[in-house]
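Numbering of residues begins at 1 and proceeds along the displayed sequence. Excluded from the calculations below are hydrogen atoms, water molecules and symmetry mates; all remaining heavy atoms, backbone and side chain alike, are included.
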Amino acid sequence: DGCGHTVLGPESGTLASINYPQTSPNSTVCEWEIRVKPGQRVQLKFGDFDIDDSDSCHSSYLRVHNGIGSTRTEIGKYCGFSFQMDGLITSKSNEVTVQFMSGIHTSGRGFLAAYSTTDKSDLITCLDNASHFSEPEFNKYCPAGCVIPFADISGTIPHGYRDSSSLCMAGVHAGVVSNTLGGQINVVISKGIPYYEGSLANNVTSKVGPLSTSLFTFKTSGCYGTLGMESGVIPDSQITASSILEWSDQTGQMNTWKPQNARLKRHGPPWAAFVSDEHQWLQIDLNKEKKITGIITTGSTLAEYYYYVSAYRILYSDDGQKWTAYREPGMDKDKIFQGNTELYQEVRNNFIPPIIARFFRINPLKWHQKIAMKVELLGCQFSIVRSPKLTMLPPPPPPQNNDKNDDFSDDFIHSVKTSLHTDKTTFTPEIKNTTVTPSVTKDVALAAVLVPVLVMVFTTLILILVCAWHWRNRKKKTEGTYDLPYWDRAGWWKGMKQFLPSKSAEHEETPVRYSSSEISRLRPREVPAVLQTESAEYAQPLVGGIVGTLHQRSTFKPEEGKEASYADLDPYNSPVQEVYHAYAEPLPITGPEYATPIIMDMSSHPSTPLGVPSISTFKAAGNQAPPPVGTYNKLVSRTDSASSAQALYDTPKGQMGPGAAEELVYQVPQSTAYSAGSKEE
């Protein structure tokens with residue numbers, strides 16, 4: 001009277017003490033005799049072990065024996081609270097006896113164990129769940145009998161099961177293993193979802209579950225598609241029944257619940273039998289053999305008609321005449337499938353192994369009020385791969401006495417004996433050796449590697465050449481139109497000073513430089529004069545050349561220093577840089593504004609003799625009064641021709657010509673090619 005939950009399958013099973021997981025009663029005993037196929041051995045694994053050891057395993061214990069009956073031999077005797085049994089207990093034969101003895105005790109849950117044949121190396125128990133394994137994907141073997149009342153699961157397919165669910169019980173619910181036979185499961189772990197639905201499938205009820213960090217699903221063969229009841233692929237003419245319920249309602253309208261209404265998720269009434277007994281059936285013709293892996297059923301789905309089928313069996317046939325009831329392997333009774341518990345819920349049952357048939361029949365055995373149901377079949381196409389008919393070749397012709405052909409004849413006979421041929425009998429043609437030699441194979445592999453590498457190398461070289469050509473063109477543009485290299489420019493260091501911090505508020509401005517080639521193209525009188533003037537606070541007109549860095553409050557005032565001289569750096573040896581359009585920085589609010597310099601072409605005006613006084617048309621800095629008319633700046637002119645000793649100046653509008661007695665006021669042309677001004681002696 002000490003036996004609890006027990007399922008003993010042909011290759012695996014589950015056994016537990018009475019009242020597990022609650023405390024087992026006192027003075028109870030149970031023995032399990034386990035047999036597997038001859039030539040195999042049994043392995044035993046404990047999922048939980050909690051037996052009182054207060055009397056050192058004297059009255060309460062678990063004992064395992066090799067063999068059955070009087071000839072059995074003891075493997076071991078075990079007891080202890082929360083005892084952790086490492087590894088498996090393995091028998092020496094195909095028979096094992098497990099004996100549980102419960103004496104006088106106050107606590108102890110007893111035990112739960114699983115067994116299988118020794119070829120199932122990845123055996124787990126019904127208590128293992130996904131959180132016990134860290135791998136994202138793994139294969140395990142579930143024993144038979146894992147539909148246990150003290151374990152629960154949350155979730156369903158295809159959404160997945162909560163990680164706290166029993167792996168094997170969820171496998172039975174999903175239809176990947178049989179509770180009667182057990183089987184292999186392929187588990188995939190993924191991220192959890194906020195809500196897990198509940199459903200009834202394969203006599204296992206899945207509960208609604210809350211959010212979890214992870215979930216698991218099962219990899220299957222994929223043969224779980226619908227076969228056409230809901231979609232209409234199966235026509236009405238292929239759906240028949242033993243009887244049809246017909247009646248007239250209060251309005252006199254005739255109601256017919258015909259078998260064509262038995263389509264899952266279709267609106268309206270279901271199929272219902274005229275007589276409710278165990279001889280009624282609903283039949284579906286699939287038109288050809290299909291692989292049927294499951295069935296889904298509902299009740300009437302009409303609230304005013306609370307009809308549904310709670311249990312049924314399945315029959316199938318190839319010709320519609322001879323029928324076979326579905327049974328699980330190794331069982332001698334028809335399998336009874338659990339149906340609906342109410343009229344709306346969809347209940348799924350799977351066939352392990354699947355049914356291969358054309359005609360499918362449902363035979364209700366239990367129902368509520370009347371037999372009424374809607375169904376859908378699950379499965380896939382089935383095709384039989386038939387092996388070709390084999391025929392033997394006729395015996396070869398007798399060998400000739402020619403010694404030269406002896407080896408060839410032996411090889412020919414051997415090839416005929418070891419060859420399989422189809423219906424058409426033909427002689428084996430001569431087959432030449434077409435095997436690629438290892439050296440050729442290596443060359444092919446080497447070529448497959450070298451070709452992409454060479455393409456990449458040539459592409460890189462082309463890109464480098466294009467970039468170099470583009471860089472060279474850009475460099476020529478930056479060096480100007482005089483084709484002088486950058487390092488031949490005079491005063492290049494001064495041009496670099498703009499990138500360095502200045503030591504004082506003022507620095508030497510870079511003079512304008514012209515190339516000798518450009519000067520040679522000008523007429524002597526067109527060579528601009530180098531002017532020397534007193535230091536004045538005014539902005540320089542931008543004629544060209546390099547513009548120095550603008551310092552804070554700079555107005556381009558020339559530095560005072562020595563008088564410009566041709567002994568200085570040769571201004572004709574360096575090409576002129578690009579003109580940068582720089583402007584004077586704004587002066588303080590209290591400072592005066594300066595006039596904008598006017599640049600005029602001198603070549604179109606009459607020459608004027610040297611020594612003519614000139615005054616600046618620019619406003620002086622600060623409050624300084626403009627220079628008087630009598631004060632002149634000394635003009636220094638230099639030309640390459642002795643005949644042209646005059647500089648050309650613009651004549652201000654409103655003034656008299658050069659022959660007037662009154663003093664002429666000229667605008668002094670400014671140039672960056674001057675050094676610090678020096679005062680007239």
Side-chain angles (χ1 to χ4, degrees), residues 21 47 124-140 142 146-179 183 185-226 229-231 263-267 293-303 306 308 310 337-350 352 373-378:
I124 60 176
T125 70
C126 303
L127 300 180
D128 287 314
N129 56 46
S131 60
H132 295 168
F133 305 96
S134 58
E135 301 92 342
E137 183 175 346
F138 53 87
N139 293 312
K140 297 296 177 183
C142 288
C146 278
V147 178
I148 49 182
F150 43 83
D152 56 6
I153 63 172
S154 296
T156 185
I157 55 171
H159 305 296
Y161 297 89
R162 201 171 189 272
D163 55 1
S164 60
S165 304
S166 167
L167 285 172
C168 295
M169 193 169 177
V172 175
H173 183 272
V176 296
V177 293
S178 167
N179 184 56
I185 59 173
N186 190 341
V187 183
V188 179
I189 307 295
S190 57
K191 186 178 180 180
I193 57 178
Y195 176 79
Y196 295 89
E197 297 178 356
S199 64
L200 177 61
N202 299 309
N203 202 26
V204 178
T205 300
S206 172
K207 300 178 181 178
V208 174
L211 171 70
S212 68
T213 56
S214 62
L215 59 80
F216 64 90
T217 54
F218 300 96
K219 279 189 175 180
T220 63
S221 62
C223 188
Y224 294 95
T226 58
M229 285 293 288
E230 178 186 350
S231 63
R263 297 181 184 273
L264 189 70
K265 297 181 180 179
R266 288 288 185 92
H267 295 292
T293 58
I295 181 174
I296 302 175
T297 62
T298 64
S300 69
T301 66
L302 300 175
Y306 208 84
Y308 60 86
S310 58
F337 294 91
Q338 179 183 358
N340 296 87
T341 57
E342 47 92 7
L343 73 161
Y344 290 111
Q345 185 182 19
E346 296 181 2
V347 176
R348 173 174 47 82
N349 282 286
N350 292 92
I352 302 175
M373 65 190 314
K374 295 180 180 181
V375 303
E376 178 62 280
L377 300 182
L378 305 177

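Closest non-hydrogen pair, I153 versus T205, comes out as CG1-O, 4.2 Å. Across all their heavy atoms, I185 and L167 have their closest contact at CD1-CB, 4.2 Å. When all heavy atoms of I193 and L215 are compared, the closest pair comes out as CG2-CD2, 3.8 Å. In this structure, C142 and I124 approach most closely via the heavy-atom pair SG-CD1, 4.1 Å. The heavy-atom pair separating T217 from G160 by the smallest distance is CG2-CA, 3.5 Å. Considering all non-hydrogen atoms of both residues, Y306 and E342 come closest at OH-CB, 3.5 Å.
Put simply, the side chain of N179 never gets that close to the backbone of V172: no donor and acceptor are under 3.5 Å apart. Checking side-chain atoms of N349 against main-chain N and O of Q338 turns up a donor-acceptor pair under 3.5 Å. Within the 3.5 Å criterion, the main-chain N or O of I296 finds no donor-acceptor partner in the side chain of R348. At least one donor-acceptor pair under 3.5 Å links the side chain of N129 to the backbone N or O of S131. Put simply, the side chain of T293 gets close to the backbone of C223: a donor and an acceptor are under 3.5 Å apart. Although no hydrogens or angles enter the test, the distance criterion places a donor-acceptor pair under 3.5 Å between the side chain of N202 and the main chain of N350.
Among residues two or more places apart in sequence or in another chain, the ring pair (Phe, Tyr, Trp, His ring centres under 6.0 Å) test is passed with F150 by Y20. In this structure, Y196 has no ring pair (Phe, Tyr, Trp, His ring centres under 6.0 Å) partners at least two apart in sequence or on a different chain. Shown here are the ring pair (Phe, Tyr, Trp, His ring centres under 6.0 Å) partners of F337, two or more places apart in sequence or in another chain: Y312, Y326, F351. Taking the ring pair (Phe, Tyr, Trp, His ring centres under 6.0 Å) definition, one finds that Y195 meets it with nothing, sequence neighbours left out.
Note that the CD1 atom of I295 and the CE atom of M373 stand 5.5 Å from one another [nearest 0.5 Å]. Annotation: the span from K265 atom NZ to K374 atom NZ amounts to 11.5 Å, rounded to 0.5 Å. Here CD of Q345 is found 9.5 Å from OG1 of T297. Values are rounded to the nearest 0.5 Å. With values rounded to the nearest 0.5 angstrom, N186 atom CG is found 12.0 Å from S221 atom OG. Interatomic distance, CZ of R266 versus OG1 of T301, reported as 12.5 Å (0.5 Å rounding). Here the straight-line distance linking atom CG of D163 with atom CZ of F216 works out to 8.0 Å at 0.5 Å rounding.
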Q: Show the numbers, then the answer: is there a side-chain contact (heavy atoms from CB on, under 4.5 Å) between L264 and M229?
A: CA-CA 7 Å; L264 189 70; M229 285 293 288; 5.9 Å; no
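When the SG-SG distance for C126 and C146 is compared with the 2.5 Å cut-off, it comes out below that value.
The side-chain heavy atoms of K140 and V187, taken from C-beta on, include no pair separated by under 4.5 Å.
Ring pair Y161/H173 is perpendicular by interplanar angle, where above 60° counts as perpendicular and below 30° as parallel.
Heavy atoms from other residues, nucleotides or ligands lying under 6.0 Å from NE2 of H132 number more than 12.
The stretch residues 150-162 participates, sequence neighbours left out, in no salt bridge (Lys or Arg N to Asp or Glu O under 4.0 Å) pair at all. Residues in residues 198-221 take part in these salt bridge (Lys or Arg N to Asp or Glu O under 4.0 Å) pairs, two or more places apart or across chains: E137-K219.
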